[in-house]
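A, B, ... follow the sequence lines: proteins, then strands. Residue 1 opens every chain. Heavy atoms only: backbone and side chains are in, while hydrogens, waters and symmetry mates are out.
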Amino acid sequence: MLEMLPYPSGKLHMGHVRNYAIGDALARYMWMRGYNVLHPMGWDAFGLPAENAALKAGRDPYEWTFSNIAHMKSQMQRLGFALDWNREIASCEPEYYRWNQWFFLKMFERGLAYRKEALLNWCPECATVLANEQVVNGCCWRHETTPVEQRAMQQWFLKTTAYAAELLNDIKELESGWPERVLAMQRNWIGRSEGAEVDFSLPGSAEKIRVFTTRIDTIYGATCVILAPEHPLVKELVTGEAERLEIKEMIDAAARQDLGNLEKIGFFSGRYAIHPFDGREVPIWIANFVLLGYGTGAIMAVPAHDERDFEFCRAYGIPVVPVIRPVDGPLADGDTMAEPYVEYGIVENSGEWSGLPSAEARKKMAAFASAHGFGTEAVTYRIKDWGISRQRYWGTPIPIVYCPRCGAVPVPEEDLPVRLPLGLKITGQGESPLKRVPSFMNVACPKCGEPGTRESDTMDTFVDSSWYFYRYCDPRNDTAPFDSAIVARWFPIDQYIGGITHAILHLIYSRFWTKVMRDLGLITNNEPAKNLFTQGMVLKDGSAMSKSKGNVVDPDDMVDKYGADTCRLYTLFAAPPEKDMDWNESSVEGQHRFLTRLFRFITCNAGRPGDGGSRDGDRQGLRKLHHTMRKITNDFDSRWHFNTSIAALMELLNELYQLEARLSTKAMNEICNCVTLLLAPFAPYTAQDLWETLGHEGPVFRQPWPMFDPELAKEELAEIPVQVNGKLRGHIQAPFGSSKEELQRVVLANEKVKPFVQGKQIVKVVLVPDRLVNIVVK
RNA sequence: GCCCGGGUGGCGAAAUAGGCAGACGCAAAGGACUUAAAAUCCUUUUCGCCGCAAGGCGAGUGCGGGUUCAAGUCCCGCCCCGGGCACCA
């Protein structure tokens with residue numbers, strides 16, 4: 001049982017409470033069912049807010065983080081979450097992050113960690129680089145109104161693209177246990193696209209322009225080749241100073257604006273490329289809508305059959321040449337067509353391929369290109385390598401030393417961890433804070449011993465959370481990240497629970513890390529978690545709770561006012577766990593009322609002397625009890641709709657108050673015991689208290705889960721609704737398994753039903769055994 | 001634009017395999033207890049119509065069609081809301 005570990009921001013919020021209340025109910029239920037449950041907790045303790053606190057309040061990030069951890073831990077304990085604190089980890093401790101560094105070195109050895117200069121997203125507000133995943137609508141994910149800028153920097157990358165195909169294919173393994181929504185988002189993020197790469201050669205040069213296309217069948221309609229402004233060849237093709245400025249402006253403008261509705265602009269480079277199929281010379285353009293980061297950073301423009309190319313070419317007067325016609329129609333006229341024809345069809349005006357259907361032409365033309373050495377079938381992914389460098393202090397130092405002679409040298413394993421120096425003054429200026437710590441920076445090259453300098457950037461905190469759950473299995477290991485044999489016993493995670501917000505970032509990095517660890521021979525599982533559950537958000541007045549909106553409900557206040565059990569019960573009752581829920585305080589009081597009512601019932605009736613019961617009352621009480629046990633067990637075993645489980649307990653209690661005087665001592669005791677056990681996963685404090693009141697000892701959640709007896713849960717008579725022409729007209733009671741003839745006789749004799757049937761012809765009698773009778777009359 | 005969710009009383013919701021729509025809770029109204037209040041308990045509460053009343057009749061799950069003895073649930077076509085992706089060649 002694993003819930004996503006929190007960032008120690010200071011206080012728990014209601015989203016945490018909900019997440020952990022769900023997980024805790026399940027963990028307790030599984031214990032009671034006799035499973036050996038590992039239910040750990042830790043802290044995603046590196047990150048920007050610690051530095052911001054240092055900046056704003058002068059707090060030391062280390063001290064700030066650990067005082068937050070202490071507070072949040074006490075909150076969790078107060079809420080009564082049954083967590084194994086012996087396995088607690090905090091990612092900012094060297095005992096933990098040294099293994100981040102160790103993994104980095106392993107990836108470096110295998111070429112999975114590399115350094116390159118790249119244009120990266122720079123948030124002026126954070127003064128740091130952002131991962132693509134952290135850019136929302138062209139703005140920073142933390143400063144949603146701050147546009148991201150482009151800067152070229154030397155950055156460390158992890159080669160997630162090396163696992164792109166596997167990350168996509170293995171989604172199959174997750175289909176039964178992960179929400180379809182999350183898988184869809186991941187598929188989309190990985191973005192596999194099948195097509196071909198084709199070279200357009202440059203006259204009088206060895207250079208070629210390689211383009212990626214999914215529609216090689218349209219290649220005879222290519223009327224120009226377009227390069228992304230950042231494309232390396234642009235520097236060679238464009239020599240004029242004015243043009244170069246224009247390109248620079250294009251890049252900056254693209255970075256400033258929302259990419260979606262950027263106007264397509266471009267210009268002719270003055271050069272031509274040779275069409276590989278028909279040898280035509282086509283002009284080379286440079287345009288802002290071609291992305292360097294996707295495919296080859298260059299395209300062939302086929303305006304007749306692509307919407308973007310059409311828009312661009314029409315705007316710049318580049319010819320439109322249709323080469324695909326609909327299966328049942330003629331070829332369009334390029335000069336007059338108002339929109340491109342983007343469907344598949346029949347290839348025309350394309351030399352020997354004319355007459356072929358698109359699908360066939362795609363394969364054959366790619367094979368031809370391949371055979372003649374100017375192209376190949378190709379698969380492109382949208383997912384990019386993971387840039388992990390952050391110009392930040394409060395993160396894992398990247399274990400690299402730069403030596404003037406040897407270059408980037410990995411720190412030897414035995415020298416790990418590269419410790420983060422403590423007691424630093426944070427200024428919030430752009431460069432990495434570590435640069436200003438000479439005792440950290442200056443170090444001998446591990447290879448040649450000459451003076452070198454350390455890498456001053458730290459790792460993205462998503463690194464910390466990519467593998468933390470493995471560490472829970474063996475949290476104090478100081479010779480390896482964990483013992484593989486111990487991990488093999490527990491993994492994969494049976495149930496992971498967390499917010500939908502992590503559907504791509506954390507969950508895709510974790511999957512990547514798992515695959516890398518598997519290839520390192522550390523683990524045997526292919527995926528980190530068999531089952532994933534994403535709980536809904538906790539809202540207040542229809543929007544997410546946030547300090548800026550001033551609508552935050554503090555769990556501490558709730559616990560002070562109503563107690564932990566009420567707080568937990570409410571988060572489980574207000575909505576099914578996967579749905580967003582709106583916080584409603586008066587509804588919280590309802591849960592409190594229920595708990596007091598239940599408490600009163602049991603304390604008043606526990607060990608009640610005498611035997612005032614009746615056979616009938618006992619039977620009715622036990623029937624309702626077993627019915628409730630069946631309902632709740634069922635909810636736990638299938639879809640976790642604890643709102644209905646709690647409603648069932650309420651129903652039971654309502655009925656018990658009706659039956660109170662008619663229950664024997666024996667039945668009453670059994671009922672009180674079982675109700676207490678049924679309550680235990682949701683409201684552990686109250687349940688424990690009641691358990692002791694009932695004269696028992698020891699933890700209530702170490703008791704076996706009360707299993708229902710199907711016979712006892714059964715009603716004696718079935719209450720069967722009777723319809724006439726599909727409209728409800730009455731009810732009858734009949735023994736279970738009554739025959740059609742019997743039922744029909746009873747139904748037709750029924751006073752309520754008679755008037756609707758009399759004088760009419762019975763066409764048909766529909767009978768669902770024990771459930772419904774419908775008489776069709778004319 | 002594409003891909004996911006979702007739309008049921010005044011509100012949160014329930015109806016798990018096509019079979020009694022609105023369980024359970026909140027809020028509201030009335031009543032009991034109380035000097036009073038709180039707490040607690042009881043009653044009413046989808047809408048419209050008929051009835052002094054017990055009760056009865058009709059409509060009703062975003063809209064329009066369809067399948068079926070029977071549709072909140074299945075099919076077709078729309079509308080609205082939320083989320084994700086969005087020049088991905």
Same-atom distance ([atom1]) from [N] to [M], integer angstrom:
{"N": "B/C41", "M": "B/U34", "atom1": "C1'", "value": "13 Å"}
{"N": "B/G30", "M": "B/C81", "atom1": "P", "value": "39 Å"}
{"N": "B/C24", "M": "B/G19", "atom1": "C1'", "value": "22 Å"}
{"N": "B/A53", "M": "B/U67", "atom1": "P", "value": "42 Å"}
{"N": "B/U73", "M": "B/G58", "atom1": "C1'", "value": "24 Å"}
{"N": "B/C42", "M": "B/G6", "atom1": "C1'", "value": "39 Å"}
{"N": "B/C33", "M": "B/U43", "atom1": "C1'", "value": "15 Å"}
{"N": "B/C74", "M": "B/U61", "atom1": "P", "value": "15 Å"}

Want to settle it: does A/H731 or A/G590 sit nearer the 5' end of RNA chain B, counting the closest nucleotide to each?
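In this pair, the answer is A/H731.
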Considering heavy-atom distances to RNA chain B, does A/I720 or A/D635 have its closest nucleotide positioned more toward the 5' end?
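Checking each residue's closest nucleotide, the 5'-ward one belongs to A/D635.
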With a cut-off of 6.0 Å (strictly less than), are more than 12 heavy atoms of other residues, nucleotides or ligands near CD of A/E194?
no
Side-chain N or O of [X] versus OP1/OP2 of [N]: is the shortest distance under 4.0 Å?
{"X": "A/N643", "N": "B/A23", "result": "no"}
{"X": "A/K727", "N": "B/A70", "result": "no"}
{"X": "A/K264", "N": "B/C87", "result": "no"}
{"X": "A/R593", "N": "B/C26", "result": "yes"}
{"X": "A/R181", "N": "B/G6", "result": "no"}
{"X": "A/R597", "N": "B/A39", "result": "no"}
{"X": "A/R382", "N": "B/A86", "result": "yes"}
{"X": "A/R639", "N": "B/A15", "result": "yes"}
{"X": "A/K631", "N": "B/U16", "result": "no"}
{"X": "A/T644", "N": "B/A15", "result": "no"}

Is there a ring pair (Phe, Tyr, Trp, His ring centres under 6.0 Å) between A/W285 and A/F312? Walk through the geometry before answering.
CA-CA 11 Å; A/W285 284 66; A/F312 183 77; 5.8 Å; yes
Send over the distance from [X] [atom1] to [N] [atom2], rounded to a whole Å.
{"X": "A/I504", "N": "B/C3", "atom1": "CD1", "atom2": "P", "value": "18 Å"}
{"X": "A/F642", "N": "B/A13", "atom1": "CZ", "atom2": "C1'", "value": "17 Å"}
{"X": "A/F594", "N": "B/C41", "atom1": "CZ", "atom2": "P", "value": "13 Å"}

Nearest to the side chain of [X], heavy atoms from C-beta on, is which of [options]?
{"X": "A/K764", "options": "B/C87, B/G25, B/C69", "value": "B/C69"}
{"X": "A/A647", "options": "B/C26, B/A14, B/C24", "value": "B/C24"}
{"X": "A/M185", "options": "B/A89, B/U16, B/G84", "value": "B/G84"}
{"X": "A/M650", "options": "B/A13, B/C20, B/G25", "value": "B/G25"}
{"X": "A/S586", "options": "B/A13, B/A27, B/A14", "value": "B/A27"}
{"X": "A/V776", "options": "B/G25, B/C69, B/A89", "value": "B/C69"}

I'd like to check A/V182 versus A/L174 (side-chain heavy atoms, cut-off strictly below 4.5 Å). Are they in contact?
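Side chain of A/V182 against side chain of A/L174, heavy atoms only: no contact under 4.5 Å found.
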Considering every strand and a 4.0 Å limit on heavy-atom distances, what is the contact class for [X]: base, sugar-phosphate, or nothing?
{"X": "A/N188", "result": "sugar-phosphate"}
{"X": "A/F573", "result": "base"}
{"X": "A/V765", "result": "nothing"}
{"X": "A/F756", "result": "sugar-phosphate"}
{"X": "A/Q723", "result": "base"}
{"X": "A/R192", "result": "nothing"}
{"X": "A/R187", "result": "nothing"}

Indicate the ring-plane relationship of A/F636 and A/F642, choosing parallel, tilted or perpendicular according to the 30° and 60° boundaries.
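A/F636 and A/F642: tilted rings.
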With A/E578, which of A/Q535, A/H641, A/R639 fulfils side chain to side chain donor-acceptor pair (under 3.5 Å)?
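With A/E578 as partner, side chain to side chain donor-acceptor pair (under 3.5 Å) holds for just one option, A/H641.
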Specify the glycosidic conformation (syn or anti) of B/A13, with syn defined as within 90° of 0.
anti
Could you classify B/G9 for me, syn or anti, using a glycosidic angle within 90° of 0 as syn?
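Syn, angle within 90° of zero.
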Taking the ring centre of each residue, are A/Y509 and A/W386 less than 6.0 Å apart?
yes
Using only atom types and a distance under 3.5 Å, with no angle test, would you say the side chain of A/Q186 pairs donor to acceptor with the backbone of A/A503?
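Present.
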Roughly how far, to the nearest 0.5 Å, is the CZ atom of A/F277 from the CD1 atom of A/I216?
4.5 Å
